[in-house]
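This report concerns only the one structure given below.
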Amino acid sequence: AAANRTATAISKFGSALRGAALLTLAQQIAEAFIKTADAITMAESKLRLLDGSTAAAVKSMDQIYLAAQRSRAEYATFAGTVGKLGTLAGQAFGDTNEIIGFVELMNKLYTVSGSSAQEMKASMYQLTQALSAGRLNGDELRSIMENAPMLAQAIAKNLGVSVGQMKKLASEGMVTTKVVKDSLYG
């Protein structure tokens, strides 16, 4: 009888633990869903401002989805990057399509360079700051050299110098937004 009561108590305790674990898991899933939905909503708002209409923003979101798939990027992060880049450095690009293409190429470079998602995010933030300022130097350049060395090499090649010489040119303000874009597309 005592063994039966012990087995029943253990079974009830196990059920309670499973219930608590399922509740915790459900809360984590809900929080992740809300966070992703918020990121997508914010990106859509920025795209509406950039594109001028809801219809154009929806078209951009479709293009972002396809580009994110091609570059193996998370959709919400990709959309947020496009929105942020358009808001902070939109003058460096012809339109939203060009921004989407730029972010797609950068994601591919980061992936090939072996950068983690966190490194990509930090480096894209630095690159967005540089493009917004009109030139790449200092911390932004260091971040690109560490997390997207293929872009750094492409910039140096575009300038006809070594990576070390490119650092000097960057400190002189010679690595402009146009040079970065031309290097990426070249």
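Excluded from the calculations below are hydrogen atoms, water molecules and symmetry mates; all remaining heavy atoms, backbone and side chain alike, are included.
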Verify side-chain contact (heavy atoms from CB on, under 4.5 Å) between V179 and M174, making sure each step is shown before the conclusion. CA-CA 8 Å; V179 168; M174 302 297 288; over 6 Å; no
Nearest 0.5 Å, what's the [atom1]-[atom2] distance between [X] and [Y]?
| X | Y | atom1 | atom2 | answer |
| --- | --- | --- | --- | --- |
| N137 | T176 | CG | OG1 | 11.5 Å |
| Q118 | S123 | CD | OG | 11.5 Å |
| M106 | L127 | CE | CG | 5.0 Å |
| N158 | L184 | CG | CG | 10.5 Å |
| S183 | L159 | OG | CG | 6.0 Å |
| M61 | F78 | CE | CZ | 11.0 Å |

Check ion pair D62-K59 (N to O, under 4.0 angstrom):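 Looking at D62 and K59, the cut-off is not met.
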With a 4.5 Å heavy-atom cut-off, do [X] and [Y] have their side chains touching?
| X | Y | result |
| --- | --- | --- |
| I155 | L136 | yes |
| D95 | E98 | yes |
| L141 | V175 | no |
| L88 | Q129 | yes |
| M150 | V112 | yes |

Ignoring hydrogens, what is the shortest heavy-atom contact between [X] and [Y]? Give both atom names and the distance.
| X | Y | result |
| --- | --- | --- |
| R135 | G173 | CD-CA, 3.9 Å |
| M145 | A152 | CG-CB, 3.9 Å |
| S113 | N147 | CB-O, 3.7 Å |
| Q91 | S132 | NE2-O, 3.6 Å |
| E119 | S116 | OE1-N, 2.7 Å |
| S60 | T96 | OG-CG2, 3.5 Å |

Joint cluster assignment, Y125 & V82, ILVMFWY side-chain distance < 4.5 Å: no
Do V58 and Y65 belong to the same hydrophobic cluster, where Ile, Leu, Val, Met, Phe, Trp and Tyr are linked whenever their side-chain heavy atoms lie under 4.5 Å apart, directly or via other members? no
Check this for me: K108, atom NZ, are more than 12 non-hydrogen atoms of other residues, nucleotides or ligands nearer than 6.0 Å? yes
Over 12 foreign heavy atoms within 6.0 Å of OH, Y185: yes
Is there a donor-acceptor pair closer than 3.5 Å between any side-chain N or O of [X] and the backbone N or O of [Y]?
| X | Y | answer |
| --- | --- | --- |
| T81 | T77 | yes |
| S143 | E140 | no |
| T111 | N107 | yes |

Hey, mind stepping through I144 and Q126 against side-chain contact (heavy atoms from CB on, under 4.5 Å) and telling me if it holds? CA-CA 8 Å; I144 293 301; Q126 293 287 341; 6.0 Å; no
Apply side-chain contact (heavy atoms from CB on, under 4.5 Å) to the pair M124 and K84, showing each step before the final yes or no. CA-CA 10 Å; M124 271 307 287; K84 185 175 285 189; over 6 Å; no
Start with the C-alpha distance between F102 and K181, add both sets of side-chain angles, then the distance that settles side-chain contact (heavy atoms from CB on, under 4.5 Å), and finish with yes or no. CA-CA 8 Å; F102 182 85; K181 284 177 51 185; 4.2 Å; yes
From I100, V103, I99, residue fulfilling side-chain contact (heavy atoms from CB on, under 4.5 Å) relative to I64: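 Filter result, single survivor: I100.
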